[in-house]
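Counting convention: from 1, in listed order, for ligands and their atoms alike.
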Amino acid sequence: MKFFIDTANVEEIRRANEMGIIAGVTTNPSLIAKEGRDYAQTLREIASIVDGPISGEVKATTEKAEDMAREGEEIFALDPRHMVVKIPMTAEGLKAIRLLSAKGIPTNCTLIFSANQALLAARAGAAYVSPFLGRLDDIGQTGIELVQTIAQMFSNYPDISTQIIAASVRNPIHVTDCALAGADIATVPYKVLEQMIRHPLTQSGIEKFKADYCAVFGE
Ligand code: E4P
């Protein structure tokens, strides 16, 4: 399983990229709005930092397929080597995915909450599907089961090349579960990447090595 970072904060993206742990970035309108910067400029800057797929979502105000496809072309044009157009899972969204994929523009179908939605998006031509496990957990459903079901479903059909991006990842246990469930990618907030790095025994081990070394050899 690869990692994408789920943020529009360029400092977090730079830090994760320097560690060599991320293969791409996902954003959404809420994440970009949180940064309070220009939408297109933020995506362009992100694409200049990470050499991998960067998901930029059509604005939530766009609902018609043709409008989403037009906006998707603009997002793709920001950096055609990296940009992936994120489209919400609706009937109009599926049409937009079809229109964009016919032009060779990769799409990420977002807000996936059922296995059938994922299968439809794959058949419409989405390069990626994003099942949101944390938001399912929030309403008392077991989000990871959705990732497992989609992975099993896609593996039954070798002609499906759509990759599964496990999204709405909220903690390190989600990450382990996604890898075991067969997600191709987990998109993870910076805070969760930090939680994955740290372990109290690693920290106490470093402190003991340092104390033992300094006791004999000095600072
Ligand atoms: C990623 O594609 C999604 O935008 C993101 O993971 C949503 O996460 P949230 O449910 O924590 O907002």
- Query: What are the two closest non-hydrogen atoms of G125 and T107, and how far apart are they?
  - Reply: O-OG1, 4.1 Å

- May I ask you to list the atoms of ligand 1 that are less than 4.0 angstrom from any heavy atom of R135? 7 (C), 9 (P), 10 (O), 12 (O)

- Message: So if I count the atoms of ligand 1 from 1 in the order they appear, which ones are less than 4.0 Å from some heavy atom of A167?
- Response: 1 (C), 2 (O), 6 (O)

- Give the single entry among V188, V192, N28 that approaches atom 4 (O) of ligand 1 most closely by any heavy atom. N28

Can any side-chain N or O of [X] pair as donor or acceptor with the backbone N or O of [Y] at less than 3.5 Å?
X: S114; Y: Q117; answer: yes
X: T7; Y: N9; answer: yes
X: D79; Y: S48; answer: no

- Contact list for residues 38-58, test salt bridge (charged side-chain N to carboxylate O under 4.0 Å, His left out), sequence neighbours left out: R14-E45, R37-E45, D51-R81, E57-K86

Would you mind checking which non-hydrogen protein atom is closest to [atom], with the distance to 0.1 Å?
atom: atom 8 (O) of ligand 1; result: S168 CA, 3.4 Å
atom: atom 3 (C) of ligand 1; result: F132 CZ, 3.4 Å
atom: atom 5 (C) of ligand 1; result: D6 OD2, 3.0 Å
atom: atom 11 (O) of ligand 1; result: R170 NE, 3.1 Å

- May I ask you to establish whether R135 and F113 are in a cation-pi arrangement, using a distance under 6.0 Å from NZ or CZ to the six-membered ring centre and at most 45° from the ring axis? no

- Query: Just distances here: any N/O of K86 and N/O of ligand 1 closer than 3.5 Å?
  - Reply: yes

- Item | Nitrogen or oxygen atoms of T27 and ligand 1 under 3.5 Å apart | no

- 4.0 Å heavy-atom contact, E57 with ligand 1: no

- Tracing side-chain contacts under 4.5 Å among Ile, Leu, Val, Met, Phe, Trp and Tyr outward from Y128 reaches F4, V84, I165, I185

